[in-house]
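Here's the structure, in structure tokens; my notes come after.
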Amino acid sequence: MLKTKEIRKDFPILERKIKGKPLVYLDNAATTQKPRQVIKAITDYYEKHNANVARGVHSLAEEATELYETARRRVAKQIGAKAEEVVFVRNSTEGLNLAAFSWALNRLKKGDTLITSVLEHHSNFLPWRMVAEKTGAKLKLVDIDEEGRLLIGSRQKGSKLLYPLEEVLDEKVKLVALSAKSNVTGAIQPIAEVIKLKEKLCPEAVVVLDGSQSVPHMAIDVQELGVDFLVFSGHKMLGPMGVGVLWGRRKLWEKMEPFLRGGDMISAVDIKGQTWNRIPYKFEAGTPNVAGAVGLGRAVEYLDELGMEKIFEHEKELTAYTMRRFEELKQKTDLIEIYGPREARERAGVFTFNIKGVHAHDTAQVLDSQGVEVRSGQHCAGPLAERLEIKASVRASFYVYNTLEEVEALVQAVLKAIKVFKV
Amino acid sequence: MDIYREEILDHYKNPRNQGKLKVFDMEQKEANASCGDEVEVFIKLKNIKNEGVVDKIGFEAGGCALSVAAGSMLFEQVVKKRLTLKEAGEISFKDLEKLVGVKVGWGRRRCLELPLQALKKIAQKAAKKGGSEV
């Protein structure tokens, strides 16, 4: 386990009480808390170095620009990428829309196929549906197995609009958009296997990876992985809200039309025309969220000091313990439904369940009364809810500062909910 | 827990006026797609011309305790107070909060609102048809 006693001292919010009880924050898949070090980096920026970037000759502008570009380099290093290929956006959602508008919308046409999956978050689903509708390309959805992992081969019975991956990959496929880890079931997806298949069946297709739930929790190297675009959000990895990353291969960026147009993404504008700036600036129009990027850079450093492998192990242990305790509850009461992979090592830090006979919102409400913060609902994944036939579920998700004691608090709160509803 | 006090749990477990009406004049289905709360409301009006007073309400609810309990308490009041459909449609969210006796945050607002939305839509439909004549 990580040295949580020390780590928790870095997070001021963890001192808080909720309804008179100590805060047990288990909603990290939604957003994460920030260590003092990140908050200080942002405050320092505004207190000492704030200026608009890349436009001024003056010292303050130089300092701000240096801090911004240092953050970019730091983030690039973390994912095994070149700095010029890292574009700062507002969040994963914006990154995915950028890829959809700037890359896909201009290239796909009738007769082409786009692939995504039934387990995607709406942000990695709706942009592709839009592209299909506007271009006439066909959108095909990959199905999942009973544990919430992408179905590579052999069709399951009863799924007409959903396909195994092997069935849908062919030379017509131009884009494949998937996530590395489900925000609902926590299932870690077989991306390496997907890339291998893609190289075999449709080597020209571009792969967009939604790393929102994976980049904060495990090591990644985009060169090794073989994807073409990767998105992730700063706020899910100890960074501030309002900053995220879209990484893409240089040869793709260079051929793409800009997304937003305006200041800073041009080299020159005159009365008749303009020339675009070089990458990544071509895709960063207007004043960026410099403070946010600086905060994210510091967050990446914090995570790196803990070690991504150690973070993954820590969450695996927490999840395994949670699974054990909930299985015990299940045996004792026959009231617990658990969703997703049975093995803790197949799921990273996300635990989704229901108390039978109690609506997820009601469960979450009782948990909140005990200071335990979880999420309830469909978790922005409507197609998945339909596929799994779960109208709403309760999700607990872990991060670097969570402890086994907090898992116990969750279990006790669940027992309280069972009592309140007398199921 | 205030929000789940005995009265609310009672209305959740034993909703008054539960079940589809055999004979009804109007019906409305409402759902919160994002969490699976659903309600279907059936209304029978009194057969007195131009009065439009609600005679019977039946509802089928599948959802969280708040939405079911709120529906049960709301419809019970409408029938008890012999409200017209127009009056029922004018019940505000604040009235409902007072009736149910809870204060909800943004996260649960739509749960409470669900049965009220159904009622308001029925009242609107009736008003469009030109008063209480159905």
Side-chain angles (χ1 to χ4, degrees), chain A residues 18-21 27 30 121-123 125-126 183-184 337 339 352 354-395 412-423, chain B residues 1-16 18 29-41 59-75 93 96-97 99-118:
Chain A
I18 300 287
K19 306 257 174 25
K21 307 262 162 59
D27 195 16
H121 184 285
H122 295 158
S123 296
F125 183 72
L126 296 177
N183 71 311
V184 177
E337 255 159 10
Y339 309 112
T352 311
N354 263 320
I355 301 175
K356 285 191 207 169
V358 184
H359 193 278
H361 278 346
D362 294 321
T363 303
Q365 190 90 62
V366 177
L367 262 46
D368 174 64
S369 76
Q370 305 302 299
V372 178
E373 314 291 67
V374 296
R375 194 143 290 255
S376 59
Q378 295 193 340
H379 316 295
C380 295
L384 183 60
E386 194 186 333
R387 173 69 178 85
L388 294 176
E389 290 171 14
I390 308 167
K391 288 225 170 99
S393 56
V394 182
R395 180 188 71 188
Q412 293 308 312
V414 168
L415 284 167
K416 174 109 211 252
I418 291 174
K419 216 156 111 198
V420 168
F421 283 93
K422 301 189 193 74
V423 271
Chain B
M1 266 218 79
D2 259 346
I3 217 173
Y4 294 125
R5 67 184 192 279
E6 275 311 315
E7 192 190 357
I8 291 188
L9 286 180
D10 180 34
H11 276 273
Y12 172 50
K13 294 255 169 77
N14 314 295
R16 319 320 187 223
Q18 189 184 45
K29 225 184 199 162
E30 282 297 302
N32 278 335
S34 68
C35 66
D37 283 347
E38 293 180 319
V39 72
E40 197 169 0
V41 183
F59 80 111
E60 284 181 344
C64 68
L66 270 190
S67 68
V68 176
S72 172
M73 291 165 104
L74 175 66
F75 301 142
F93 183 73
L96 184 58
E97 268 186 319
L99 174 66
V100 179
V102 288
K103 266 220 113 62
V104 288
W106 289 108
R108 298 306 297 277
R109 194 191 165 101
R110 286 174 68 200
C111 304
L112 207 61
E113 253 180 351
L114 196 70
L116 189 61
Q117 298 262 49

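Throughout, a chain's letter reflects where its sequence line sits, starting with A, and its residues are numbered from 1. Below, each value reflects all heavy atoms present in this structure, side chains not excepted, and no hydrogens, waters or symmetry copies.
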Minimum heavy-atom separation for B/Leu66 to A/Asp362, with atom names? N-OD1, 4.0 Å
Check B/Leu9 against A/Val420 and note the closest heavy-atom contact, atom names and distance. CD1-O, 3.1 Å
Portion of A/Lys422 that has a non-hydrogen atom of chain B nearer than 4.5 angstrom: both
A/Glu337, CD atom: more than 12 neighbouring heavy atoms under 6.0 Å: yes
Determine whether more than 12 heavy atoms belonging to other residues, nucleotides or ligands lie under 6.0 Å from atom NZ of A/Lys356. yes
For residues A/His359 and B/Asp37, determine if any side-chain heavy atom of one lies less than 4.5 Å from a side-chain heavy atom of the other. yes
Atom [atom1] of [X] and atom [atom2] of [Y]: how far apart are they, to the nearest 0.5 Å?
| X | Y | atom1 | atom2 | value |
| --- | --- | --- | --- | --- |
| B/Arg108 | A/His361 | CZ | NE2 | 6.0 Å |
| B/Tyr4 | A/Phe421 | OH | CZ | 4.5 Å |
| A/His379 | B/Cys35 | NE2 | SG | 11.0 Å |

